[in-house]
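Comments concern the structure below.
Sequential numbering from 1 along the given sequence is applied to the chain's residues. All values reported here derive from a predicted model rather than from experimental measurement. Just follow the structure's listing: the first ligand is 1, and inside any ligand the first atom is 1.
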Amino acid sequence: MYQLNYHSQSISGLSPKDLENILEEATSINGERNITGCLIYHNDSFVQILEGEKKDVLEVYKKIKGDKRHHNIMLLYQNSVDTRSFTDWNMAYHKPEDQFVVQFVNNLLLLSKLSDNSSNSLTTFWGQVRRIIESGSVKQQAIL
Ligand SMILES: Cc1cc2nc3c(=O)[nH]c(=O)nc-3n(C[C@H](O)[C@H](O)[C@H](O)COP(=O)(O)O)c2cc1C
């Protein structure tokens with residue numbers, strides 16, 4: 001099992017329709033490839049985790065890197081892992097509105113610029129996001 005995280009900036013003026021299209025493509029293609037993960041969109045930034053067979057994850061990431069709807073794509077972390085963090089979602093979508101999560105995402109983005117992104121901080125981050133999504137305490141959409 002392989003896990004990959006990146007951060008990117010959306011093009012300015014990304015519309016809700018654009019986001020909907022991205023999520024539709026992601027959910028359908030990831031479903032075919034048995035890729036799971038989560039996409040966070042906040043302050044014109046995307047943070048995404050992809051997990052699945054290494055070959056599939058790398059192929060999808062290659063397509064994502066060439067996508068004109070975002071730029072400044074920065075790989076945060078990629079590695080083999082024993083288990084998935086997002087077993088139930090082909091692409092969970094999370095728009096942080098809860099102040100705590102907003103702070104958390106901001107910290108992650110800051111961390112990604114400053115440090116060498118230890119796997120620990122990312123694992124903690126995505127574990128937290130998963131718990132928030134599962135608890136349903138903030139507005140979220142699991143699968144379109
Ligand atoms: C932020 C962002 C996240 C994306 N996430 C995925 C994803 O998880 N899986 C996926 O297949 N495509 C994802 N896409 C869309 C791909 O870039 C690409 O458009 C899609 O895979 C269709 O590619 P194809 O027409 O070459 O098959 C994402 C695009 C963006 C901008």
Margin query: Between the side chains of Glu25 and Lys63, is the shortest nitrogen-to-carboxylate-oxygen separation below 4.0 Å, so that they form an ion pair?
Written below: no

Margin query: Could you walk me through whether Glu53 and Asn34 satisfy the side chain to side chain contact (heavy atoms under 4.5 Å, CB included) test, starting with their C-alpha distance in whole Å, then the side-chain angles of each, then the deciding distance to 0.1 Å, before giving a yes or no?
Written below: CA-CA 8 Å; Glu53 289 304 318; Asn34 199 16; over 6 Å; no

Notebook entry, point to check: Can you pull the salt bridge (charged side-chain N to carboxylate O under 4.0 Å, His left out) pairs that have at least one residue in residues 9-18, sequence neighbours excluded?
Noted result: Lys17-Glu20

Checklist line | Partners passing salt bridge (Lys or Arg N to Asp or Glu O under 4.0 Å) against Lys55 (at least two apart in sequence or in another chain) | finding: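 Applying salt bridge (Lys or Arg N to Asp or Glu O under 4.0 Å) to Lys55 gives Glu59.
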
Checklist line | Hydrophobic cluster membership, Val57 vs Leu75, 4.5 Å side-chain cutoff | finding: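 Both belong to a single hydrophobic cluster.
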
Next item on the list: Name all residues meeting the side chain to side chain contact (heavy atoms under 4.5 Å, CB included) criterion together with Ser85; count only those two or more places apart in sequence or in a different chain, and write none if there are none.
Entry: Gln3, Glu51, Arg130

Next item on the list: List, ordered by chain and residue number, the protein residues whose closest non-hydrogen atom lies under 4.0 Å from any atom of ligand 1.
Entry: Tyr6, Ile22, Glu25, Ala26, Ile29, Asn30, Phe46, Gln48, Leu50, Val60, Lys63, Ile64, Asp67, Arg69, His70, Met91

